[in-house]
Amino acid sequence: MLKHLRSFAKFSQLQPHGQNTSKMMKKFSSTVAQTDEKESVGFVESKEDFKWVERLLPPSRIPNPPKHAAYPTPSGWFPPSETLPDKPYYVSRNRYHLFPVTEIEEDISFEPPNTPEDEVEVVEPQILTTITNIEGNLFELAADLQEAVRPYSEFDPVTSVDEANCVVYVKGKYQHIIEDFLGRNGF
Amino acid sequence: MQKTLVIKAVSSRVFLASSTNVRFAHAEAGIIPPNVILTGICKEKLLNPISPESPPQHPDECTAAIVRNCNNNIQLPKSAVKKWVDNFSSLKPIFDEVACLNPRLFDVHPKMDHLHQVVKWQKTYREVDYAWTRTRAEIGKGKRKPWPQKGTGRKRQGSTNSPLWKGGGIAHGPRGPLSLFYKLSDEILLSGLTSALTIRSLQNDLIIASPMECLPEKDFFLKMLANRGIESNSILFIHNDNDSPPALGDAIEHSRTHSMMPLCALNVYSILKHDKLVLSMDILDELEDKLIWQFERYDWHVKPHNFYKDMPGHKYGDRDSLIGAS
């Protein structure tokens with residue numbers, strides 16, 4: 001403190017364009033940083049605090065559902081049975097552990113080439129329920145689905161089998177009925 | 001006077017490349033005519049043929065030691081695919097150990113249309129069509145009208161560059177480098193790969209080797225293949241990304257029908273191109289984890305990015321392995 005007061009006294013006595021003004025100006029100037037050349041400021045890389053980021057990163061993989069005390073769960077979900085059902089086919093769950101049943105509207109209209117717009121037929125889309133992830137005898141599954149759907153359908157139920165792609169189509173919207181059927185059979 | 005036919009020594013490579021099984025059959029059935037004198041390598045091969053050793057039982061039917069189990073859960077109705085584990089350091093195969101393979105990769109309903117799509121994609125996505133033709137503006141001959149509009153008995157013509165003329169421009173020809181790149185969906189690529197692996201496994205063309213290294217002695221490799229009955233097949237060897245077996249590589253180096261590649265280079269075209277597929281034991285874990293992850297992951301929201309906790313093969317702390325890092 002005293003040292004600073006003495007040098008300040010000196011500074012007040014100096015003339016503006018003297019020999020040592022630049023040095024003194026640097027000492028008391030607020031814009032110039034006081035850096036000593038002997039002290040070097042380094043840094044250390046540490047990955048320890050990354051754990052606070054890790055907790056927030058999402059998982060990429062769909063987890064297996066935990067084992068509940070009672071099934072079905074409040075949302076109505078239940079797992080597939082651990083023993084093989086006694087059927088000539090097997091329908092496995094999809095990656096979200098749900099039944100592989102979807103309702104689609106397939107557009108079966110097509111425009112013939114080089115015709116004016118008036119002549120294009122307006123065809124209603126086909127309403128289908130698809131079942132994928134099937135192994136085994138697809139025709140037996142189609143027959144069983146026909147019987148399962150019969151009480152709920154106005155007309156004779158229609159099914160279609162695509163063996164190359166292992167898909168079964170049922171005409172109409174019967175997703176819940178088919179899911180019940182698969183659940184009852186332990187798939 | 002009976003003519004004698006002397007069969008001299010034939011180079012081993014030519015001999016092995018041909019259908020040796022047919023010749024062995026002739027020798028065993030005694031079909032070699034009596035006026036044939038065998039000398040050199042032919043005599044050895046025909047009179048002492050190497051008969052391949054086949055396993056005594058199917059691995060499913062016997063209780064052999066299971067050396068490798070599947071890492072991921074196997075869902076109903078499938079069970080693990082069991083394969084004998086071979087040792088390429090021994091001349092004769094020993095059927096001691098069994099490895100379990102995941103049925104989601106090796107026991108799948110093979111989709112032939114997906115296989116075809118993947119092979120077609122592999123052939124064309126890298127292609128660039130460099131065909132380029134000149135239009136009438138680029139021909140660079142004269143701008144002049146060749147003859148006046150009327151008076152001559154000929155057709156009216158405006159320039160000699162037109163597509164009607166010989167040596168003129170081409171009206172609707174190919175214009176410059178055209179890339180044939182296109183992307184296939186993950187679903188089709190995966191089903192193609194699993195179908196190819198399944199086909200090899202079902203048709204007894206899949207071999208699991210532990211270790212996959214053969215000894216550097218001369219002719220060890222060929223004898224080793226002959227004892228397994230695969231000397232006249234084209235073989236694809238798959239090794240670890242970091243370690244490649246040096247002696248096996250030397251043996252295969254000058255062979256047109258044998259190839260070796262790391263796991264990251266496994267592709268459907270190569271699998272189908274070669275008769276047999278040999279997988280080293282130490283790649284089975286990585287292969288299974290990576291493919292099962294594809295079957296069990298969430299759908300990408302927009303496109304793959306790197307802030308996930310548990311991506312196989314990527315460490316979120318590594319800056320070098322970030323996807324899409326700019």
Side-chain angles (χ1 to χ4, degrees), chain A residues 45-67 78-100 102 131-138 140-141 161-168 182-183 185-187, chain B residues 71-79 102-104 107-117 185-188 190-192 194-195 198 202 288-323:
Chain A
E45 236 185 65
S46 146
K47 293 184 178 175
E48 276 185 35
D49 281 343
F50 191 72
K51 64 184 182 222
W52 303 110
V53 177
E54 270 179 82
R55 316 167 30 195
L56 303 170
L57 295 174
S60 64
R61 199 179 175 134
I62 297 168
N64 287 325
K67 295 208 168 164
F78 49 87
S81 77
E82 283 162 24
T83 53
L84 259 186
D86 187 24
K87 295 269 180 179
Y89 49 84
Y90 190 86
V91 181
S92 48
R93 302 279 181 105
N94 62 19
R95 65 176 72 198
Y96 298 102
H97 309 289
L98 304 171
F99 291 109
T102 49
I131 301 104
T132 54
N133 291 6
I134 313 169
E135 304 261 349
N137 195 339
L138 291 135
E140 294 265 342
L141 173 62
V161 167
D162 183 356
E163 266 195 291
N165 294 314
C166 295
V167 180
V168 170
L182 293 173
N185 284 295
F187 290 117
Chain B
N71 294 335
N72 296 284
N73 293 335
I74 297 169
Q75 291 171 352
L76 289 173
K78 299 263 157 94
S79 55
N102 201 312
R104 289 193 83 170
D107 194 9
V108 143
H109 180 84
K111 295 205 168 173
M112 307 311 281
D113 57 332
H114 289 182
L115 266 182
H116 164 263
Q117 280 186 46
S185 67
D186 282 354
E187 189 197 318
I188 296 176
L190 280 169
S191 73
T194 52
S195 301
T198 314
L202 290 175
E288 195 184 319
D289 287 341
K290 281 185 166 173
L291 289 179
I292 297 287
W293 177 79
Q294 288 284 352
F295 294 129
E296 292 185 356
R297 62 167 172 80
Y298 290 106
D299 287 331
W300 302 122
H301 184 52
V302 178
K303 56 180 181 178
H305 50 100
N306 57 302
F307 13 102
Y308 293 107
K309 265 192 262 204
D310 50 359
M311 298 248 290
H314 289 281
K315 290 181 188 169
Y316 39 80
D318 273 351
R319 289 215 146 248
D320 297 333
S321 65
L322 298 182
I323 307 173

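First the proteins, then the strands, lettered A, B, ... as listed; each starts at 1. We use all heavy atoms of the structure for the numbers below, so side chains are in, but hydrogens, waters and symmetry mates are not.
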Donor-acceptor pairs under 3.5 angstrom involving side-chain atoms of residues 78-91 of chain A: please list them, not counting sequence neighbours.
| residue | atom | partner | partner atom | Å |
| --- | --- | --- | --- | --- |
| A/S81 | OG | A/T83 | O | 2.8 |
| A/S81 | OG | A/G186 | O | 3.2 |
| A/Y89 | OH | A/D144 | OD2 | 2.6 |

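Salt-bridge check for B/E296 with A/R61: passed, with a basic side-chain N closer than 4.0 Å to an acidic carboxylate O.
With a 4.5 Å cut-off on non-hydrogen atoms, A/N94 does not touch chain B at all. Both the backbone and the side chain of B/Y298 have a heavy atom closer than 4.5 Å to some heavy atom of chain A. Within the 4.5 angstrom heavy-atom criterion, no atom of A/F187 approaches chain B.
A donor-acceptor contact under 3.5 angstrom links the side chains of B/N102 and B/E288, judged on distance only.
B/R104 forms a cation-pi arrangement with B/F295, by the criterion of a distance under 6.0 Å to the ring centre and an angle within 45° of the ring axis.
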